[in-house]
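This report refers to the structure that appears directly beneath it.
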There are 2 protein chains.
Amino acid sequence: MAAKTDDSGPVLPPAIESAWGLRERPPKGPRPGMSVPAIVDAAVRVADADGLAAVSMSRVAKELGAATMALYRYVGSKDELLMLMVDTGYGPSPGPPDPQDDWRAGLTRWAWAEHEVLRRRSWLLHVPISGPPITPQQLGWMEDGLRCLDGTTLGESEKMSVLLLITGYVRNEASLTSQVAEGSRAAGIEPAEMMPAYGRLVARLIDPARFPALHRVLSAGVLNQDDDPDDEFVFGLDRILDGVEALIQRRAG
Amino acid sequence: MAAKTDDSGPVLPPAIESAWGLRERPPKGPRPGMSVPAIVDAAVRVADADGLAAVSMSRVAKELGAATMALYRYVGSKDELLMLMVDTGYGPSPGPPDPQDDWRAGLTRWAWAEHEVLRRRSWLLHVPISGPPITPQQLGWMEDGLRCLDGTTLGESEKMSVLLLITGYVRNEASLTSQVAEGSRAAGIEPAEMMPAYGRLVARLIDPARFPALHRVLSAGVLNQDDDPDDEFVFGLDRILDGVEALIQRRAG
DNA sequence: CCCTTCTGCGTATGACGTACGCTGTTATGC
DNA sequence: GCATAACAGCGTACGTCATACGCAGAAGGG
């Protein structure tokens, strides 16, 4: 009926469409003085410097020497800006896996790449995610993850589930460590003293008769040793990959 | 030096202390007309009805027939109120594991209990978590989880890591499904049509040459079948528990 | 009976996202 | 060359929010 080739469902916000290279500049009117990427870069600079809470429309505009409302000619809302910030905040995907790596080595590299990004830009964890990824680089990450599982016996649906499992784990682990870091800064404590202080607090609060298992953990000094946070990350990742490996071998055998 | 028996580090907010039953009512002054639990219950009612975004201090006060600023006699800040909301939102822990259950059955029940809570109160996922749990019921959940691992060969530190792994997974899975639900409501689409619509959108955006693996997943119709979301939950949980099982058997053997 | 200590809360402040509409700029159709 | 439509920049205004501050009245202790 309509002559438009685009007939399908959900409407993509204009700024996201331009991130995909669709959408040409309208022929009339004054030339734009800014650009969506410049705005997003400015917002990312603010988040890198002062955290996500410092990213307000007026602050980003100030960063660009423009007025607040000028930004709305480029992005439809702050939420749209946040979506674009996530895209450039993650940056380009780590690339396809090394051909001589097996799936496990590939996914390990993939997980570490996200881990690295989230360590450097912990504000990414505070962006409320409002849906599945639709920006170019985000889908690039997904593509690279899927390729790691290319030679395996897993079904396509299972590959997707495995990626979701891993990326969820990486985000979660990064959340916890960044909370410790932010909490120690807020309380004015050394980061290494944070978990021991928490352990002492809980030990003071709980009744050992009501919380025997918890009391045993605290008595074992689990929170006192400040081991390499990377060890914790590796532990969980290895558990998950062990679980995936068990499935792959079951499918194969 | 000080005669106080309490000398250790981080100061607990007053409202949290009263949640632990410490802190008696001051002898002087007018009798309080409200109570912390009443305020928290009102806030939880608002969140249950209209989501976390509807929880403002003025809205909660209106729920109680009080003025906004009256609440600040009971809670120190909105963040404190949120912390208490999480505590009562989760509710009492599911209880210690059935004695005849092994660790795997116990943790499965434990994970399903949290899953159930988060399905009923998805606003819990939107509360920005600002630190490790310090409220009574939260620590109760942790206690019950630890007890599931009581008979195993795992070290205390490993037990803690396993719980973190599982609770992180449950939260993550609940986040994804609740995003789909909220997204479909916002877009006015049937929930069952959400993922297929997403699949069509991505298929339209990507170049199959640049995203071959992703294209293959979409062509397989992974997003078109609307399978039971519980199946997805079980899949990931089983992977993780398989991984934990592998570790336990390695420790034992 | 006064004084201390508390409760309830009205007022005010500053920050935020963004709807609306005006002004000036640009390229096209005549 | 000129009118006109489409667009860029942005000043103003509005509604919402958390919360600092201070005052009035209540309740118990000396």
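Just so we're on the same page: letters track the sequence lines, and every chain starts at 1.
- Here the P atom of nucleotide D:dC14 and the CE atom of A:Met57 are 21 Å apart, to the nearest Å.
- If you measure from atom CG of A:Leu64 to atom C1' of D:dA8, you get 15 Å, rounded to the nearest angstrom.
- Listed nucleotides: C:dT18, C:dG8, C:dC16. Nearest to the side chain of B:Ala70: C:dG8.
- The pair A:Glu182-A:Arg185 fails the salt-bridge criterion, with no side-chain N (NZ, NE, NH1 or NH2) lying under 4.0 Å from an Asp/Glu carboxylate O.
- Distances shorter than 4.0 Å separate none of the side-chain N or O atoms of A:Arg73 from OP1 or OP2 on D:dG9.
- The side chain of A:Lys78 approaches C:dG17 more closely than any other nucleotide in the set C:dT25, C:dG17, C:dC6.
- In this structure, of D:dA8, C:dC9, C:dT7, it is C:dC9 that holds the atom nearest to the side chain of B:Ala67.
- As a whole-Å value, the separation of A:Leu81 CG from C:dT18 P is 10 Å.
- Rounded to whole Å, atom C1' of D:dC17 lies 13 Å from atom CG of B:Leu82.
- Judged by distance alone, with hydrogens and angles left aside, the side-chain atoms of B:Trp141 form a donor-acceptor pair with the main-chain N or O of B:Gly91 at under 3.5 Å.
- Considering only side-chain atoms of A:Lys28, the nucleotide from C:dT28, D:dG11, C:dC9 that sits closest is C:dT28.
- Between D:dC21 and B:Tyr72, no contact under 4.0 Å exists linking OP1 or OP2 to a side-chain N or O.
- A residue-by-residue look at A:Pro30 and B:Leu71 shows that B:Leu71 has its nearest nucleotide of DNA chain C further toward the 5' end.
- Remark on DNA chain D: of its neighbouring residues B:Pro27 and B:Met69, the 5'-side contact belongs to B:Met69, judged by nearest-heavy-atom nucleotide.
- Between B:Glu80 atom CD and D:dT19 atom C1' the separation is 14 Å, expressed in whole Å.
- One finds a salt bridge joining A:Arg200 and A:Glu193 here, because a Lys/Arg side-chain nitrogen approaches an Asp/Glu carboxylate oxygen to under 4.0 Å.
- Checking A:Glu232 against B:Ser161 by side-chain atom types alone, a donor-acceptor pair falls below 3.5 Å.
- Taking atom OH on B:Tyr74 and atom P on D:dA18, their separation rounds to 19 Å, with Å as the unit.
- Place A:Gly33 and B:Gly29 on DNA chain D by their nearest nucleotides, and A:Gly33 ends up nearer the 5' end.
- The aromatic rings of A:Trp112 and A:Phe233 lie perpendicular to each other, with more than 60° between the two planes, well past the 30° mark.
- One can place CZ of A:Arg25 at 9 Å from C1' of D:dC7, the figure rounded to the nearest angstrom.
- Heavy atoms of B:Thr68 sit under 4.0 angstrom from at least one base atom.
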